[in-house]
2 protein chains.
Amino acid sequence: MTQQLKTYKDIRQIVMARITSQIWPVGELIPNEQDLAEEFGVARATVNRAIQEIADAGFVERRRKAGTRVVPRRSRDAVVQIPIIGEQISDMGRYYSYQLVAREIVPVTKKIAKELSLTPRTPAMHLICRHFADDIVWQLEDRWINLAAVPTVKAQKFDVIGPNEWLVREIPYSNAEHVFRAATASSIERRHLDLESDEPVFVIERKTWQASNIITWVRLSHSGNRFSMTTRDEIPYGKDALE
Amino acid sequence: MTQQLKTYKDIRQIVMARITSQIWPVGELIPNEQDLAEEFGVARATVNRAIQEIADAGFVERRRKAGTRVVPRRSRDAVVQIPIIGEQISDMGRYYSYQLVAREIVPVTKKIAKELSLTPRTPAMHLICRHFADDIVWQLEDRWINLAAVPTVKAQKFDVIGPNEWLVREIPYSNAEHVFRAATASSIERRHLDLESDEPVFVIERKTWQASNIITWVRLSHSGNRFSMTTRDEIPYGKDALE
DNA sequence: CAATTTATTATGTATGGACATAATAATAAT
DNA sequence: ATTATTATTATGTCCATACATAATAAATTG
């Protein structure tokens with residue numbers, strides 16, 4: 001009521017509603033910007049902004065001259081938040097603590113050499129840490145750090161702050177690759193994760209790099225019985241015009 | 001060379017580089033739009049568009065009057081693609097096939113009643129299917145469909161096309177919640193997934209709904225030894241100006 | 001009829017100007 | 001000194017217009 005003129009958010013919301021309600025079904029061309037601008041009583045630039053964002057979110061495809069088309073719902077994306085471990089545990093309302101199990105500078109194994117793109121037997125820093133939620137082991141961290149990429153790491157003791165926290169502060173912007181898998185627990189994991197017999201582990205492996213320099217590789221293991229990852233993905237642009 | 005004037009993508013790229021290279025470090029205010037517009041020789045609207053997108057990607061925070069600030073790298077997001085199973089297997093260059101193991105309309109169990117928000121013992125469609133890659137079982141699908149939300153499902157036999165494919169076509173735009181976990185194989189999974197002894201399973205559970213109507217709940221299980229999920233997350237706006 | 005050129009069209013991007021809005025700072029009033 | 005008012009500032013949004021660009025359709029040519 002208080003609102004007469006339509007904003008680009010209104011238009012984004014209306015267009016999105018027409019797509020999800022299949023007024024404009026999958027495969028269909030939607031009206032061009034000029035027509036929509038007239039319908040809504042706004043400038044073409046305003047319509048353009050609204051539909052651009054919908055296209056960025058992947059619901060329509062736009063091609064010059066051809067127009068804008070509703071695309072079939074592609075493979076679902078699930079945005080998984082890989083949380084900072086301490087924050088995650090605090091958010092659960094539990095007490096977080098950290099323990100350094102091992103810290104050594106040793107030649108890389110063949111597998112790690114490959115992961116870090118180093119020649120075999122180059123020295124690297126190897127760390128093993130445990131992360132607790134209320135005195136229950138929540139995560140076992142098995143990490144290798146490339147000394148050439150992060151020379152300052154040699155001065156770090158990691159006795160009070162964990163390597164992840166330190167690295168995020170030292171190298172805030174890096175690229176990453178994650179692998180998620182279910183695995184049978186290794187002997188190290190059985191020793192440190194306090195597992196029931198035959199309990200599987202949920203493993204997250206992460207490699208991070210910056211401009212082709214591989215910085216670190218880490219394997220994060222969790223009790224299969226106690227750990228899961230959840231994501232909730234809602235169709236965007238639902239009703240933020242009412243905000 | 002061929003390019004004299006700066007586009008909003010150029011500016012986005014330059015600003016992003018200054019952030020990742022810590023010329024503008026975490027916590028710092030960056031110059032205001034007017035100043036940047038003058039520096040780059042463009043209109044303020046152009047700078048606005050560039051920085052808006054960087055803000056949407058979560059690298060800076062903008063507040064009126066206060067200005068634009070580089071934010072600390074928050075919890076990592078990993079965008080996991082939950083693929084359409086058939087496409088995923090074809091993309092691996094393998095032959096996809098599908099088998100319906102069971103199809104029945106039965107009262108829901110207590111657990112499923114909760115997942116689908118139904119009163120206990122309401123009838124629902126229960127399906128068990130197997131998805132193969134070159135005659136190896138790749139995925140076991142255990143699905144429940146809410147008959148009230150999708151009445152047309154009763155006419156579907158699912159003998160040649162899988163329920164997921166059918167549902168995506170029937171209800172293209174729905175919200176979803178995913179849970180990923182590592183689990184010990186159940187007897188059904190051992191029977192149908194062709195597992196080694198004590199091999200864990202990688203489980204994806206998905207619930208989908210549309211406007212508060214829960215449509216379906218599904219548990220997708222995979223061999224822990226053969227299955228993993230990978231994501232690669234790169235810092236955006238690196239060099240698309242060179243495209 | 002096929003191949004090439006030209007016109008048309010929808011989207012993509014930029015501009016300068018305008019006004020709105022939220023947050024802060026400065027000022028005035030109690 | 002505290003509180004209420006007013007000014008200032010950076011971002012948020014919109015407009016009308018202009019021109020660029022990619023894709024397609026139409027017209028022309030060999």
Side-chain angles (χ1 to χ4, degrees), chain A residues 1-16 18-19 24 27-71 237 240-243, chain B residues 1-16 18-19 24 27-71 236-237 239-243:
Chain A
M1 232 333 18
T2 157
Q3 176 161 274
Q4 277 296 355
L5 291 76
K6 291 197 164 60
T7 70
Y8 86 94
K9 286 183 182 176
D10 294 331
I11 293 170
R12 193 179 60 185
Q13 200 246 326
I14 294 167
V15 169
M16 202 62 207
R18 291 187 186 173
I19 292 170
W24 293 333
E28 206 90 331
L29 279 176
I30 75 174
N32 70 40
E33 294 182 350
Q34 190 54 57
D35 292 351
L36 289 174
E38 278 164 30
E39 178 190 343
F40 297 128
V42 298
R44 182 172 78 88
T46 305
V47 174
N48 180 276
R49 180 168 183 186
I51 300 186
Q52 279 264 14
E53 295 195 358
I54 291 173
D56 287 344
F59 293 93
V60 296
E61 241 174 27
R62 325 193 73 197
R63 287 168 61 210
R64 285 164 163 151
K65 162 82 182 181
T68 300
R69 193 176 291 280
V70 182
V71 299
Y237 312 137
D240 47 354
L242 308 176
E243 270 172 2
Chain B
M1 225 333 15
T2 157
Q3 176 161 273
Q4 278 294 353
L5 289 75
K6 292 198 163 61
T7 70
Y8 87 94
K9 286 183 181 173
D10 294 331
I11 293 172
R12 192 180 62 185
Q13 199 247 326
I14 294 167
V15 169
M16 201 61 204
R18 290 188 186 173
I19 292 170
W24 293 334
E28 207 90 329
L29 280 176
I30 76 174
N32 70 40
E33 294 182 351
Q34 191 55 59
D35 291 350
L36 289 173
E38 280 165 31
E39 178 189 343
F40 297 129
V42 298
R44 181 171 80 88
T46 305
V47 173
N48 181 276
R49 180 168 182 189
I51 300 185
Q52 279 266 15
E53 295 196 357
I54 292 173
D56 287 344
F59 292 93
V60 296
E61 241 173 28
R62 324 193 74 196
R63 285 169 62 209
R64 285 163 163 150
K65 163 82 183 180
T68 300
R69 194 176 291 280
V70 182
V71 299
Y237 311 138
K239 42 179 191 263
D240 47 354
L242 308 176
E243 272 172 359

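In what follows, chains carry the letters A, B, and so on, assigned in the order in which the sequence lines appear, proteins first and then strands, with residues in each chain numbered from 1. Nothing here was measured: the structure is a model prediction, and the numbers come from that model.
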Can you sort out which residues in residues 42-52 of chain A have a heavy atom within less than 4.0 Å of DNA chain C? Ascending by number, please.
A:Arg44, A:Asn48, A:Gln52

Over all heavy atoms of both residues, which pair between B:Trp24 and B:Val70 is shortest? Give the atoms and the distance, please.
O-CG2, 3.6 Å

Side chain to side chain, B:Ile19 and B:Ile54, heavy atoms closer than 4.5 Å
yes

side-chain contact (heavy atoms from CB on, under 4.5 Å) for B:Ile14 and B:Lys6? Distances and angles first, verdict last.
CA-CA 10 Å; B:Ile14 294 167; B:Lys6 292 198 163 61; 3.8 Å; yes

So, B:Asp35 side chain and B:Asn32 main chain: donor-acceptor pair closer than 3.5 Å or not?
no

Working for side-chain contact (heavy atoms from CB on, under 4.5 Å), residues A:Val15 and A:Tyr237:
CA-CA 9 Å; A:Val15 169; A:Tyr237 312 137; over 6 Å; no

Atom pair CZ/OG1 of B:Arg12 and B:Thr7 - distance to nearest 0.5 Å:
8.0 Å

Min and max contacting nt of DNA chain C in 5' to 3' order, chain B heavy atoms within under 4.0 angstrom, are C:dT13 to C:dT24

Side-chain contact, heavy-atom cut-off 4.5 Å: B:Leu36 with B:Ile11?
no

CD of A:Gln13 to CZ of A:Arg18, rounded to nearest 0.5 Å, is 11.0 Å

I need the CZ-C1' distance between A:Arg12 and D:dC14, as an integer number of Å.
15 Å

Rounded distance [0.5 Å steps], CE in A:Met16 versus NZ in A:Lys9
16.0 Å

Measure CZ/B:Arg69 against P/D:dT11 and give the value in whole Å, please.
12 Å

For B:Pro236 and B:Ala57, which heavy atoms make the closest approach, and how far apart are they?
CG-CB, 4.4 Å

How does DNA chain C look in dot-bracket notation if pairs are Watson-Crick or G-U with both distances under 3.5 Å, crossing ones as [ ], other-strand ones as |?
||||||||||||||||||||||||||||||

Please pick, from D:dT13, D:dG12, D:dT24, the nucleotide with the shortest atom-to-atom distance to any side-chain atom of B:Arg64.
D:dG12

With sequence neighbours excluded, residues passing side chain to side chain donor-acceptor pair (under 3.5 Å) with B:Glu28:
none

Scan residues 54-70 of chain B for pairs that pass salt bridge (charged side-chain N to carboxylate O under 4.0 Å, His left out), counting only residues two or more places apart or in two chains.
B:Glu33-B:Arg62

Please give me every residue in residues 27-40 of chain B whose heavy atoms get under 4.0 Å of an atom in DNA chain C, ordered by residue number.
none

Using whole Å, report how far NZ of A:Lys6 lies from P of D:dT13.
17 Å

